[in-house]
Visitor: 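Structure provided below as structure tokens; questions to follow.
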Amino acid sequence: MAENFIEDIPDFSKLTFSRILNSVTITSPAGIRPAAEAIHKLAQSYNFRIAASADISSKAHMVDAEGELINKDIFGWTAKGERWWEDTRLALSSPLPRACRYESEPIWCNAEGFHGHWQNEYLNEIDLKGYFNGTSSAKSAILIPIHLPFGQIASVSFTPLDNNVSELSEPYRLYSDFFAVVTRRFITGYVLAMRQKHRMPANCILSKREAECLHWAAIGKTDKEISMILSLSHATIRYHVNRAGQKLNSVNRGQTIFKAGQLGYLGATD
């Protein structure tokens with residue numbers, strides 16, 4: 001199946017990588033639609049359909065400068081049973097965006113599960129049988145998770161034009177890294193072009209002690225416990241946490257920890 005699936009793929013050597021990236025690069029809201037049209041045509045030239053969410057935590061849909069829905073009006077998800085973008089609960093209920101919370105590299109999936117360059121035990125717990133045997137009209141997909149600054153996660157999927165294709169190991173091997181670079185450029189440009197306000201103070205630098213205190217606070221330690229761990233006084237711990245909050249322009253301890261996590265100061269806490 002995979003061999004027949006890719007036999008008509010265009011010769012990449014005929015295209016320049018820089019030209020492809022330029023075609024999907026967005027530098028202003030006016031550039032969203034032509035970039036979306038370019039990545040749509042690119043996906044189709046590789047026998048795929050593209051679907052994209054710039055922020056799986058948000059109900060807001062990706063739109064062009066005129067407010068037209070990209071997934072509907074450009075990517076063509078309009079047929080009966082395909083209007084997935086109408087489901088405001090999708091980011092929480094669908095296994096594909098859920099998987100993007102646990103993986104940052106391209107993966108492909110079908111009813112048997114997720115497949116990638118290595119095993120991810122978190123993905124092994126996500127059941128795909130119900131999704132591909134009922135919810136989705138497709139039988140497989142290549143999934144591109146895109147982890148952006150401030151903890152934002154985007155999800156882009158490439159599903160075969162032929163809904164009966166369930167084996168994507170060879171297209172995944174050949175094209176997933178290429179798809180990842182192109183979609184990251186597209187999504188990053190979209191997010192920057194549509195950003196309306198700053199989420200963080202610019203050039204915020206936490207000290208080593210401030211980051212240490214917040215790291216322990218993030219995993220549930222009290223100030224007293226942190227003082228014992230770091231061999232510092234209780235008052236010193238409070239000072240470092242409060243000082244970090246001032247730098248992060250936070251209104252309370254919880255927001256200080258949240259913002260520090262968004263900036264990557266806390267590391268993995270599991």
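Residue indices begin at 1 and follow the sequence shown.
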Visitor: Under a 4.5 Å side-chain heavy-atom rule over Ile, Leu, Val, Met, Phe, Trp and Tyr, are Met228 and Leu230 clustered together?
Guide: no

Visitor: Are the side chains of Lys247 and Glu210 in contact, using a 4.5 Å heavy-atom criterion?
Guide: yes

Visitor: Please check: side-chain N/O of Glu167 versus main-chain N/O of Ser140, any donor-acceptor pairing under 3.5 Å?
Guide: no

Visitor: Okay, side chain of Lys259, backbone of Asn249: is any donor-acceptor separation there less than 3.5 Å?
Guide: yes

Visitor: Between Glu105 and Asn120, is there a side-chain heavy-atom distance shorter than 4.5 Å?
Guide: no

Visitor: Of all heavy-atom pairs between Pro95 and Asp127, which one has the smallest distance, and what is that distance?
Guide: CB-O, 4.4 Å

Visitor: Between Ser155 and Leu143, does the side-chain contact (heavy atoms from CB on, under 4.5 Å) criterion hold? Intermediate values first, please.
Guide: CA-CA 7 Å; Ser155 175; Leu143 182 63; 3.5 Å; yes

Visitor: Kindly determine whether Leu69 and Phe75 satisfy side-chain contact (heavy atoms from CB on, under 4.5 Å), including the steps that lead there.
Guide: CA-CA 9 Å; Leu69 296 178; Phe75 296 163; over 6 Å; no

Visitor: Can you confirm whether more than 12 heavy atoms, excluding those of Gln246, are under 6.0 Å from its CD atom?
Guide: yes

Visitor: Taking all non-hydrogen atoms of both residues, which atom of Glu103 and which atom of Leu123 are closest, and how far apart?
Guide: CB-CD1, 4.2 Å

Visitor: Is there a path of hydrophobic side-chain contacts, each under 4.5 Å between heavy atoms of I, L, V, M, F, W or Y residues, that connects Leu206 with Tyr239?
Guide: no

Visitor: Ignoring hydrogens, what is the shortest heavy-atom contact between Tyr265 and Cys204? Give both atom names and the distance.
Guide: OH-O, 3.0 Å

Visitor: Within this structure, what is the CD1-NZ distance for the pair Ile74 and Lys72, rounded to the nearest 0.5 Å?
Guide: 11.0 Å

Visitor: Over all heavy atoms of both residues, which pair between Ala217 and Ile226 is shortest? Give the atoms and the distance, please.
Guide: N-CD1, 3.7 Å

Visitor: In sequence, state the C-alpha distance, the side-chain angles, and the governing distance for Ile56 and Arg101, and then conclude on side-chain contact (heavy atoms from CB on, under 4.5 Å).
Guide: CA-CA 9 Å; Ile56 63 173; Arg101 302 183 190 277; 3.7 Å; yes

Visitor: Is the shortest side-chain N to carboxylate O distance from Lys41 to Glu37 below 4.0 Å?
Guide: no

Visitor: Can you confirm whether Thr236 sits close enough to Ser227 that some side-chain heavy atom of one is under 4.5 Å from a side-chain heavy atom of the other?
Guide: no

Visitor: May I ask whether Phe258 and Val251 are part of the same hydrophobic cluster, defined by side-chain heavy atoms of I, L, V, M, F, W, Y residues being less than 4.5 angstrom apart, directly or through others?
Guide: no

Visitor: Going by heavy atoms in the side chains, are Ile187 and Met62 under 4.5 Å from each other?
Guide: yes

Visitor: Does Ser176 use its side chain to pair, donor to acceptor, with the backbone of Arg173 at less than 3.5 Å?
Guide: no

Visitor: For Val63 and Tyr190, which heavy atoms make the closest approach, and how far apart are they?
Guide: N-OH, 2.9 Å

Visitor: Heavy-atom distance under 4.5 Å between the side chains of Leu248 and Gln255, does that happen here?
Guide: no

Visitor: Is there side-chain contact between Ile50 and Val156, with at least one heavy-atom pair below 4.5 Å?
Guide: yes

Visitor: Between Thr25 and Arg185, does any side-chain donor sit less than 3.5 Å from a side-chain acceptor?
Guide: yes

Visitor: How long is the span from the CZ atom in Arg49 to the CG atom in Leu161, to the nearest 0.5 Å?
Guide: 7.5 Å

Visitor: Taking Lys139's backbone N and O only, do any of them form a donor-acceptor pair with Asn163's side chain (distance below 3.5 Å, no angle check)?
Guide: no

Visitor: Rounded to the nearest 0.5 Å, what separates atom NZ in Lys208 from atom SG in Cys213?
Guide: 10.0 Å

Visitor: Working to the nearest 0.5 angstrom, can you tell me the gap between Ser157 OG and Phe179 CZ?
Guide: 11.5 Å

Visitor: Could you check Phe158, Tyr175, Tyr172 and say which one makes a ring-ring contact (aromatic ring centres under 6.0 Å, His included) with Tyr46?
Guide: Tyr175

Visitor: Do Arg253 and Asp223 make a side-chain contact, defined as non-hydrogen atoms from C-beta onward lying under 4.5 Å apart?
Guide: yes

Visitor: Answer with yes or no whether the hydrophobic clustering places Ile237 together with Ile219; edges join I, L, V, M, F, W, Y residues whose side-chain heavy atoms lie under 4.5 Å apart.
Guide: yes

Visitor: I'd like to know if Leu96 and Tyr122 are part of one continuous hydrophobic network [Ile/Leu/Val/Met/Phe/Trp/Tyr, side-chain heavy atoms within less than 4.5 Å].
Guide: yes

Visitor: Please name the pair of heavy atoms, one in Pro29 and one in Ala193, separated by the smallest distance, quoted to 0.1 Å.
Guide: CG-O, 3.7 Å

Visitor: Got Asn110 and His115 here, is their nearest side-chain heavy-atom distance under 4.5 Å?
Guide: yes

Visitor: Rounded at 0.5 Å granularity, tell me how far CZ in Arg209 sits from CD in Glu212.
Guide: 5.0 Å

Visitor: For Ile32 and Glu68, what are the C-alpha separation, side-chain angles and deciding distance, and is it a side-chain contact (heavy atoms from CB on, under 4.5 Å)?
Guide: CA-CA 11 Å; Ile32 293 174; Glu68 299 294 330; over 6 Å; no

Visitor: Distance from His147 atom NE2 to Ser104 atom OG, nearest 0.5 Å?
Guide: 5.5 Å

